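This is a predicted model, so every value here is computed, not measured. Residue numbers begin at 1 in each chain, while the letters A, B, ... track the order of the sequences.
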Amino acid sequence: MTTVPDALAGPAVLEPANSSTLPPYTGRLLRWSFAIGVLPPLGLIVALAARSLWLLTFVHVITGGTWTGFDLFMGIVMSRVLSSLEVPSRVEIAKRLTPTTFFILPSLAAVAVASGIYLAQSEGKFVLSSPWILAAGVVVLVLTAQGFGIFMPNSVRIFIELAKRQPDTGKIARLNMRNVRLAGVQAIMQLALIVVMAHLAVF
Amino acid sequence: MSLNRPALLAILVFATALLAILGALYAGAVRSYRKGELDVEGVRILRWALLGHAAIYALLAVTAFLS
């Protein structure tokens, strides 16, 4: 699990002022996630402002690759690790994993898609009648629907449950497992997307 | 400075969808807080999460003016 360097932890804005059910590290991990999450859009802004095709390609590849790699790791490795743990241990992981990924993953996904569209436009490949562009669009729509419709609401529900005076630990573990398994499904969709990307890049 | 209208529209649609879902969950959390089921820190952290996502989408919207 990612640890937060003291220098990046910042002032305790989100630290509980009085007795709180939320662990003290939740705010720190959320701030860390935000600090990393703003980097991809900033990188895209720099690439576009500099009118650098090389930098735009770099931003697209690094965000898309990291997003896919994370989903593969979650689906193939973490799902097995979590399945082998007892519920209290799963809850402890969910308490740390959810705030850490809260901003990073949506930001990576949004920037990978946006930079991909800008890249296709700059290379004259963004033709909506192209079956390859259409295929990419369909996969992106499915990934987005899963992200907005399942991933994000589950993460927020975990936060809400954690902040309750009597958190339902079984519910937290269940929601987290659902997200981890969904990451595996997303990884499969992204592999399909990479097949399309490889075709677009070569032909 | 040129404006990429399709990109800006797409970003606005995605941002609206995401923030609407987060907003609905936030409203549910506020109701739970009023019933005394939820800690105030939970509401504060969700508000921060909502603003954080809005900030990321605002940065993305800037890119529509640069492409």
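Using a 4.5 Å heavy-atom cutoff, the side chains of B:I56 and A:F34 are in contact. Looking only at side-chain heavy atoms (C-beta outward), B:I21 and A:P153 come within less than 4.5 Å of each other. Using a 4.5 Å cut-off on side-chain heavy atoms (C-beta onward), A:Q121 and B:N4 make contact. Residues B:E37 and A:Q166 form no side-chain contact, since every pair of their non-hydrogen atoms from C-beta on lies 4.5 Å or further apart.
Annotation for A:A110 and B:Y57: closest pair CB-OH, 4.3 Å, computed over non-hydrogen atoms.
For B:Y26, no part lies under 4.5 angstrom from a heavy atom of chain A. Residue B:L18 touches chain A through both its backbone and its side chain, counting heavy-atom pairs closer than 4.5 Å. Of the two parts of A:Y118, only the side chain, counted from C-beta on, holds a non-hydrogen atom closer than 4.5 Å to a non-hydrogen atom of chain B. In this structure, chain A has no heavy atom under 4.5 Å from any part of B:A10.
Chain A forms the most heavy-atom pairs under 4.5 Å with one residue out of B:A49, B:A24, B:A17, B:A64, and that residue is B:A49. In terms of heavy-atom pairs under 4.5 Å with chain A, the best-connected choice from B:L46, B:V43, B:I11 is B:L46. No other option in B:L59, B:L60, B:T63 has as many heavy-atom pairs under 4.5 Å with chain A as B:T63.
For B:W48 and A:F102, the ring centers sit 6.0 Å or farther from each other.
For residues 129-148 of chain A, the interface with chain B (any heavy-atom pair closer than 4.5 Å) comprises A:T144, A:F148, sorted by residue number. Within residues 39-67 of chain A, the residues having any heavy atom under 4.5 Å from a heavy atom of chain B are, by residue number, A:P41, A:L42, A:L44, A:I45, A:L48, A:A49, A:R51.
Within a 6.0 Å radius of OH in B:Y33, no more than 12 heavy atoms belonging to other residues, nucleotides or ligands are found.
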